[in-house]
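Reminder, nothing fancy here: chain letters follow the sequence lines and each chain counts from 1.
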Amino acid sequence: MNRLHHHFYRRDARTVARELLGQVLVTIVGGSRTSGIIVETEAYLGEGDQASHSRNGPTDRNRAMFMAGGHVYVYFIYGMYYCFNVVTGPEGSGEAVLVRGIEPLEGIEVMRQRRERPGNSTAGLADGPGKLAIALGIGPELNGADLATDHRISIEGGTAVPDERLLVTPRIGITKSVEHHWRWICAPPGR
DNA sequence: CCTGCGATATTCT
DNA sequence: GAATATCGCAGGC
């Protein structure tokens, strides 16, 4: 498969969030390759988006969010979880896409072990931002990585998802700038 | 199916 | 002190 490159990421976060659905997020961590199809994303902009970590400019925590599109922004939340973001737009814009869900593809047994979720089903393995970070072995060491060149993480071109299979909703877990509907999710299978 | 709550650490006010 | 881009479990329907 073809790794996505800078021209894909250096656009508006809302465009990238929409087009990331159906692409394949791959990590090679601890000798294990794991991957999944991206099925849920949210866009966060820079100045003016009061729900965005970048709203007050660069800090030690959000520094990677101001890198050029195509880098990785990983943040720690609720004292327990890491969340994976794809930085978008030009350098300094402070935009990113939070990847909130994947459909497991490769390395499912490894994901199960990392998640401490025995069983045969992939249901619930990586259907949330904290869950997919654990399942894919994503931690703070990947903050600032370049998705175009890093050997540990990449996004590969998958199958585009047509508009009729998408839902667009408000973003989850925020209390500010709730009027923006910047969450994209693949509709449940069937029907 | 749904709702509520505790865990736990960093950042913000 | 309060809030936070979350999750898993308990309990009620």
With under 30° as parallel and over 60° as perpendicular, where do the rings of Tyr75(A) and Tyr73(A) fit, or are they tilted in between?
-> tilted
Looking across every strand, which nucleic acid part, if any, lies under 4.0 Å from Asn56(A) by heavy atom: base, sugar-phosphate, or nothing?
-> nothing
Would you tell me if any nitrogen or oxygen in the side chain of Arg183(A) comes within less than 4.0 Å of OP1 or OP2 on dA5(C)?
-> no
From the options His53(A), Arg171(A), Arg14(A), select the one residue that forms a side chain to side chain contact (heavy atoms under 4.5 Å, CB included) with Tyr44(A).
-> Arg171(A)
Tyr81(A) over dT6(C), stacked by centroid distance under 5.5 Å, angle under 30° = no
Ignoring backbone atoms, establish whether Lys176(A) has a side-chain N or O less than 4.0 Å from OP1 or OP2 of dA3(C).
-> no
Identify whether any heavy atom of Arg55(A) sits under 4.0 Å from a base atom; if not, whether one sits that close to sugar-phosphate; answer base, sugar-phosphate or nothing.
-> nothing
Does Tyr44(A) stack onto the base of dA5(C), taking stacking as ring centres under 5.5 Å apart and planes under 30° apart?
-> yes
Look at the side-chain N and O atoms of Arg100(A) and state whether any lies under 4.0 Å from the OP1 or OP2 oxygen of dT6(C).
-> yes
Is any N or O donor-acceptor pair between the side chain of Tyr78(A) and the base of dA7(B) shorter than 3.5 Å?
-> no
Does Thr175(A) make a side-chain N or O approach to OP1 or OP2 of dT4(C) shorter than 4.0 Å?
-> yes
For Thr59(A) and Gly79(A), take the nucleotide of DNA chain B holding the closest heavy atom to each; which residue's nucleotide lies nearer the 5' end?
-> Gly79(A)
Return the 5'-most residue of the pair Gly124(A), Ile172(A) with respect to DNA chain C, ranking by each residue's nearest nucleotide.
-> Ile172(A)
Do the non-hydrogen side-chain atoms of Arg114(A) and Val29(A) ever get within less than 4.5 Å of each other?
-> yes
Hits for salt bridge (Lys or Arg N to Asp or Glu O under 4.0 Å) against Arg63(A), two or more places apart or cross-chain, chain-then-number order -> Asp60(A)
